[in-house]
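The next block holds one structure in the form of structure tokens; read it before the comments.
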Amino acid sequence: MTDTHDTSASPGSPLEAGPKQGYDPHGVEERWYRLWEARDLFRADATSSAPPYSIVIPPPNVTGSLHMGHALNNTLQDILIRWQRMQGRNTLWMPGTDHAGIATQNVVERQLAQEGLSREALGRESFIQRVWRWKEESGGTIIRQLKTLGCSCDWARERFTMDPGLSEAVKEVFCQLHEAGLVYRGDYIINWCPRCRTALSDLEVEYQERDGKLWFIRYPMASGGGGVMVATTRPETMLGDTAVAVHPEDERYRHLVGQTVILPLMNRKIPVIADAYVDPAFGTGLVKVTPAHDPKDFECGLRHDLPQVKVMADDGTMNGNAGRYQGLDRFACRDQVVKDLQREGLLVKAEDHRHAVGQCYRCQTVVEPSLSRQWFVRMKPLAEPAIRAVEDGRIRIIPPQWERTYFEWMHNIRDWCVSRQIWWGHRIPAWYCGPCEEVIVSRTPPTACPKCGRGALRQETDVLDTWFSSALWPFSTLGWPERTRELRVYYPTACLVTGFDILFFWVARMIMLGLRFMGDVPFRDVYIHGLIRDEQGEKMSKTRGNVIDPLHVIHGATLEELLVAARAGGAPPGALEGIRRQYPDGFPRFGADALRFTLAALAGQGSDVKLSVKRIEGYRFFCNKIWNAYRFVAGHLREEDVPTAPLSQLSLTLPDRWILSRMNEVTRGVTEAIQAYRFNDAASLLYQFLWHEYCDWYLELVKTRLTGTGDEAERRTGRLLLVRVLEQSLRLLHPIMPFITEEIWQRLPHEGVSIMLAPWPTSEDGFHSPEAMETMGYLMEVTREVRNVRSNYNISPGERLPVVLRTSNPTHDAVLQECEGYLTHLARLSRVTWGRQVAKPEMAASALVRGIEVYVPLEGVVDLAAERARLRRELAKVDEALDRVNRKLTNRDFLGKAPAEVVGRQRATHAELQDARTKLQEGLGRIEALLKR
Ligand SMILES: [Zn+2]
Ligand SMILES: [Zn+2]
């Protein structure tokens, strides 16, 4: 059915706002989201016969709340899903959250600490119950926030990585990997966080450059005599040394190999060995070997069969193997060891040394490489098919430069330590037999040991790395290990949208496990977007105070709210001052549409998103522009303005043919851009078209037609086209700006229940008109030149001007014949004269437009002498201002003390003034040239 348009103000509709009012997203966004949900428009129907298109959401942490990175990631996914839905595909956007092992456990532990409790005091069972309770009460925040953003996920299918179904999948995968010999337990050097008291995978360690020391220590020879000098950044680990190593080809030390030295402080004899892993250029070329506390030493220890002496306990204090240092914290121990070495005369020197220190990505505690018995997944056999899948194009990584990173990592893959010593997570399905030490991996709890038959079994207390369950996400969410219809229809998914930071944590592992358990890739495309940064390209961080909260942007925020949030994030006073200065009135309600459009417009492939509130504000004006265009159209639309015949049967004027032709080009352009994940190109095409072609030119041209006394048929055509082009543009814009497009579309003549389900526009050859685009091109350029003359000579935009056009061929003349009326209107002319023979006027501003000489006579229009005087006065003012800024920018005191932001503003002012100066000088030059004639 066809709904008739509704121009009457319905209760609560923004139409009640005065005519000068812009678009107000308040109410509109919530209202449409509720309606979409109520009408079940996000639902994926697995029984549909339409071709499927599916995306799985990168599951946000259940502890999370929406930050700008999520906003970007989910906006792009929503654009793809809405676009495909409009194309009639059977779309599924699968939502859900991740249980986020350590992160969630930490949150609940902090709560317990406030109550004077601890997880140990509560016990495992009660603690886990407590986490579930927390999840039920506070875990849904991010899902509600994603709805605010407009995400059209199929919420009825929402999953959680600890759901019974997904937990079943985790257990099944672990058991199958074990049966295939790909899971093993081993003593291994792992990254240990002494605060979280758990192992971390290599990827969970963040490296930061820190100032430290390089200590040079002398180890005396066992045979007496001078001894050898080793260098280390972690002297406390020497307590666990079991050898000293040199490079086999290092001539300096060849004679030492095979000898024995005395480990100071511990008085233990250790050998000097030769191993090629030693870098002869580092320190003295002699290194201490601590197999239990350094990954490279660990490997070396295996090669030389060295003992592994662990000197630290799990909490980062020294253990019984550390002798008299037992019980000391590792850093206190370091100080003590250095002091003791000094006293014994064995500390040769200490040099300043800047080096990368590994930190826990959750709590920033310095990680301790430590020997420990863990569960591992053998990765090489899983990596090989995953490498091939990208090599042979079954998976495309976009932009392609990330492929190299992927290959590099996959070719050097190490086994994955999957056990974590925490409580919140999937408990490893393994049991230990007390009497015979057999390890049993089983889907169901075994009742007796299969080896010795006794029943004293103890379940493994470790849980799996949180990334283990998310690696199964594309098929576990669709019902695996059951063979569901959903799996048949929606697997492989179409595209994964993600940041590069989890390419290995998550994307690579999904590929490996998807291939292993589904026999096919989990997705066809991986689209990798950039990071969110601030305007200057700095990373957004709470302590820097430059974080922009998407919810503040969507709903608006007072200055006080901005400050409270920044303070809570630990922003220093300087940053708070910056916020006060930059946003004295807080944020207005920008709305989700403006935010989404900004993110899409800034999402250039392979580049980071440099976000600023100014950009968001600019796109809110874009919403106003569209809204006002709609208001103009609605104000002129009549009941009978429903197309009764194809547009091609109407008699179309030049601007009509032009706007249809441009609409056609933009339709093709936007489609191609989204298809190629060039979201910024799609946004920019739509912005240019709607603002600078539809509103600035077409609407202006039709306005004369509608208010003039011309032919009614022509006027009706104008109205029909205004609606037609607006309606099609709204459909093209809908994936990026879902709310305002729905609001306006519903008020225009339309078919169907929602723009969400309206067909995606296709380009139509019949609309293509190169001739109209060429001709309108002339018209617009001439108009622009006349506008330039107005601004160059300070002529009011309202004053009508004569124009003389000297043409160079008969086509020009014909074009001008046709366009005279439009040109007069657009350029606000009093008279247009044209022809190949017209005389060039005296005293005129001139320009050349595609072979047409454009003259604007200035005689009697501009008082050139007065204008020259005005420009000179302006120039003097600018020079004075420039002088002031120059003095500041050459003042060392100012440059040294002023905050970077203030200096930056002065530099910007300087550039603006320079620019103004150049323009004024050009203007003066023009006038002086005219006066000289
Ligand atoms: Zn930690
Ligand atoms: Zn047994």
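Counting starts at 1 for both ligands and their atoms, in listed order.
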Item to check | Geometric class of the F505/W467 ring pair [parallel <30°, tilted 30-60°, perpendicular >60°] | outcome: parallel

Checklist entry - When you check the gap from the basic side-chain N to the acidic O, do K380 and D415 get nearer than 4.0 Å? => result no

Next on the checklist: Tell me whether R195 is salt-bridged to E368, with the criterion being a basic N under 4.0 Å from an acidic carboxylate O.
Outcome noted: no

Checklist outcome for this item: Counting only protein N/O/S atoms, those under 2.8 Å from the Zn ion (ligand 1) total 4

Item to check | Under-4.0 Å salt bridge between R197 and D314 | outcome: no

Checklist entry - Which protein N, O or S atoms sit under 2.8 Å from the Zn ion (ligand 2)? => result C433 SG, C436 SG, C449 SG, C452 SG

Next on the checklist: Given the ring of W431, does R458 sit roughly above its face, with NZ or CZ under 6.0 Å from the centre of the six-membered ring and within 45° of the axis?
Outcome noted: no

Checklist entry - Between K213 and D352, does at least one N-O distance fall below 4.0 Å, as a salt bridge requires? => result yes

Checklist entry - Does the distance from a Lys or Arg side-chain N to an Asp or Glu carboxylate O, for E172 and R443, drop under 4.0 Å? => result yes

Next on the checklist: Looking only at the aromatic ring of each residue, does the gap between the centers of W375 and Y188 stay below 6.0 angstrom?
Outcome noted: no

Next on the checklist: Taking T466's backbone N and O only, do any of them form a donor-acceptor pair with S469's side chain (distance below 3.5 Å, no angle check)?
Outcome noted: yes

